[in-house]
Amino acid sequence: MTPAETRIALSTLCCRLTPLLERAGRRREVLEARLEANLPRLVDALLPLYGHRWDVAWHLEAIAETALKAAIARPEPLAERDRDRPPDWIRAAEQIGAMGYVDRFAGSIIGLYDRLPHLERLGVTYLHLMPLFRVPDGPNDGGYAVSSYREVAPRLGTMDQLAKFADALHERGMALVLDFVLNHTADDHAWAEAAKAGDPEKQAYYWMFDDRAAVEPYARHLRQIFPDRGGDAFVWREDLAGGKWVWSTFYPFQWDLNYSNPAVLRAILGEMLFLANQGVDVLRLDAVPFLWKKPGSPCENLPEAHLVVRALNAAAAIAAPSLVFKSEAIVHPDEVVRYVRPDECRLSYNPLLMCSLWDALATRDTRHLRDILARRHGTPIGTAWVNYLRCHDDIGWGMANEDMVALGIDPDGHRRFLNAFYTGRFPGSFARGLPFQENPRTGDCRVSGTCAALAGLEAAEADGDPSLIDHAVRRIISMHALVYTLGGIPLLYLGDEIAQPNDPTYTDRLAEAADNRWVHRPYFSDERLARALDQPATPEGRVLSAMRRLGALRKQAPALGVGTIHPIALDPRYTLAFERRAQGQTLTIVANLSEHWVDIEAERLGPRRSHDLWNDAVFDPDKAHTLEPYGLMILTVEPT
Ligand code: OTU
């Protein structure tokens, strides 16, 4: 688009929006200012996507109108939140995230109220509830096959209850985070049902092909996401007007939306802003890399996928400015960071840190971890990582091959080792994970398992050896401590704070049996929580008290928010040390990711006496210090 064309599009758009603005009442001035600031961004994102269409002006107008209508309908308390919430809240040290399934963590939305004291004790300020929308009966990919974005699954509650719960969270200084599954809908979403009934407009919401020849230019270039399902990303559906191939990147009952159709972007924007107006603060954009498809390309991370996100971001800035997007792109690290920018997603999962931490734990070698902290950990101003150890998905070894090669590591061989290690197949491994989506052709797989199972607690408890149990507990704590001290928002996977083991009972449930990610999605154990509280010396008791301490630490340590990390070179290579500085505070974190005792080269940690906050001890650089297996120090310079 030339600047002149953009200007013309913009001015036509402004005229068309005027009658709507007249209905905005007191908000008119604010909305005019927001339109002025964000309409150009919206148009810049949309024109390269749809500018070639004869009806582009009509679609631009419809999209802008959808945003403006949602802005006018925004409930007053949320409009206040838009005004009052400093946009940089996501970068503050006091932010602590937690994620869980409504049913597994609390039974229902109403049940969540009883869990609030537990969350508050952990310092949680960011609560990510896993998809809680209406879904098909039977398999629904843990809620990621959405039948309606506007209805809560009846067994969990209602949309009204959710909106009220959002208020309750806000009153406690917590943000509500929900998934927005925008790459696909369930095959029984109203749009899919209309497509089945022969509605050509709704058929054009999806990727549908009459014959296989039309599928091939795409199919040949795609990576298999779920090899277990057999076939490729296309499914033949007899129930679609005479039979059609439908694109379904994930499970066959999840139909990919067709964003090359601007009506889809408008429709999904409507659903998104409906959720924003229920009080959702952060939307986790599921599977963003897949949003755009082009024949002959891998159909992942295409530049147009970024434009779709930018268009939604600009529309949200008009309608619900305090809404934040979190990107879920579990891809090559170079691609992951491309979504992390204020005009796309201000938050993003940090899969590279996650898998590098597990890598260091298995190899007792922190070189790769140090390397990524030095080179790949920064994010643009106004953005932050969401750092985590476990989530509801499997672990894939998403390090960059070139980074590994530079360290003399063979990427394929190393990934095979990590898979063997974390599935307990490697001799001497402490981990008890399961291979997820093992590809018989390549032998490749990913890993399922809870933090406790992967960090060795399960194997150690089966063994009954107290020193192994102690090591496993220390692993869990030190790994979480790194997540809590490496900036960004740490995201606790609920259940891990009480070291819940794998849940093998998923195989008894029909809808779950074929997907072993359910092994690490256990029902929250009240019994375990009670034991953790009553018996602080048990593994769950030690982990819970450590998680509470880490939570409390972040509240007092501005240095732990987003900011620069200065790695400190320490030998041997199973130790990791780095310094965090902000607002006059300096913290030095030292972790031993091995079962060995380590002599710490104290002089490398700085010349001053400091206080070890974690072990409540004096750290004197002139004295010898040793760090116990999987030990941790958090040093702060003592005021003189
Ligand atoms: C996401 O994950 C969700 O986290 C999964 O739970 C869903 O099954 C899936 O989408 C479909 O909705 O491949 O193995 O780069 O890697 O979107 C998990 C992003 C996945 C993909 C990611 C996907």
Side-chain angles (χ1 to χ4, degrees), residues 99-101 104 128-133 135-136 139-147 149 177-187 189 222-229 232-233 235 247-257 268 283-293 298-302 305-306 308-309 325-340 344-345 348-352 354-355 386 388 390-398 419 433-439 444-449 491 493 506 511-512 514-521:
M99 68 183 288
Y101 291 85
R104 286 166 188 240
H128 174 191
L129 300 176
M130 297 301 293
L132 42 66
F133 302 100
V135 288
N140 53 57
D141 191 18
Y144 284 96
V146 175
S147 307
Y149 298 99
V177 186
L178 288 190
D179 284 84
F180 190 50
V181 188
L182 74 167
N183 175 67
H184 43 266
T185 72
D187 62 358
H189 187 282
L222 303 182
R223 160 173 89 94
Q224 263 188 313
I225 308 295
F226 287 164
D228 279 4
R229 66 182 259 189
D232 55 22
V235 50
W247 198 317
S248 66
T249 298
F250 297 93
Y251 284 113
F253 49 81
Q254 289 160 308
W255 290 1
D256 287 40
L257 287 165
I268 212 74
L283 283 175
R284 168 196 180 277
L285 303 188
D286 185 55
V288 273
F290 300 90
L291 293 180
W292 198 268
K293 338 270 193 202
C299 299
E300 271 185 75
N301 303 307
L302 293 176
H306 290 271
V308 170
V309 178
F325 291 161
K326 174 189 176 193
S327 146
E328 193 250 349
I330 314 298
V331 286
H332 188 286
D334 290 347
E335 297 293 345
V336 174
V337 292
R338 290 206 172 106
Y339 297 92
V340 193
E344 289 190 27
C345 299
S348 165
Y349 277 112
N350 189 354
L352 180 61
M354 181 277 290
C355 68
V386 173
Y388 64 113
R390 291 300 294 115
C391 70
H392 69 293
D393 277 334
D394 48 287
I395 300 178
W397 307 109
N419 281 330
L434 299 180
F436 177 67
Q437 299 281 338
E438 201 156 20
N439 189 328
D444 195 22
C445 73
R446 280 119 69 183
V447 175
S448 294
L491 182 63
Y493 186 61
Y506 76 96
E512 298 168 17
D515 186 335
N516 70 24
R517 288 177 297 175
W518 291 103
V519 84
H520 57 244
R521 301 168 180 175

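Counting starts at 1 for both ligands and their atoms, in listed order.
Around ligand 1, the residues contributing at least one heavy atom under 4.0 Å from the ligand are D141, Y144, H184, I225, F226, F250, Q254, R284, D286, A287, P289, F290, E328, A329, I330, V331, H392, D393, D394, R446, R517.
Taking the six-membered ring for Trp and the full ring otherwise, H184 and Y144 have centroids separated by 6.0 Å or more. With ring centers used as reference points, Y493 lies 6.0 Å or more from Y388.
Salt-bridge check for R229 with D515: failed, with every basic side-chain N at 4.0 Å or more from each acidic carboxylate O.
Tested against F436, the residues D393, D394, D228 include a single side chain to side chain contact (heavy atoms under 4.5 Å, CB included) partner, D394.
Residues W518 and A511 approach most closely at NE1-O, 4.4 Å, considering heavy atoms.
With hydrogens and angles ignored, the 3.5 Å screen pairs a side-chain donor or acceptor of H520 with a backbone N or O of H392.
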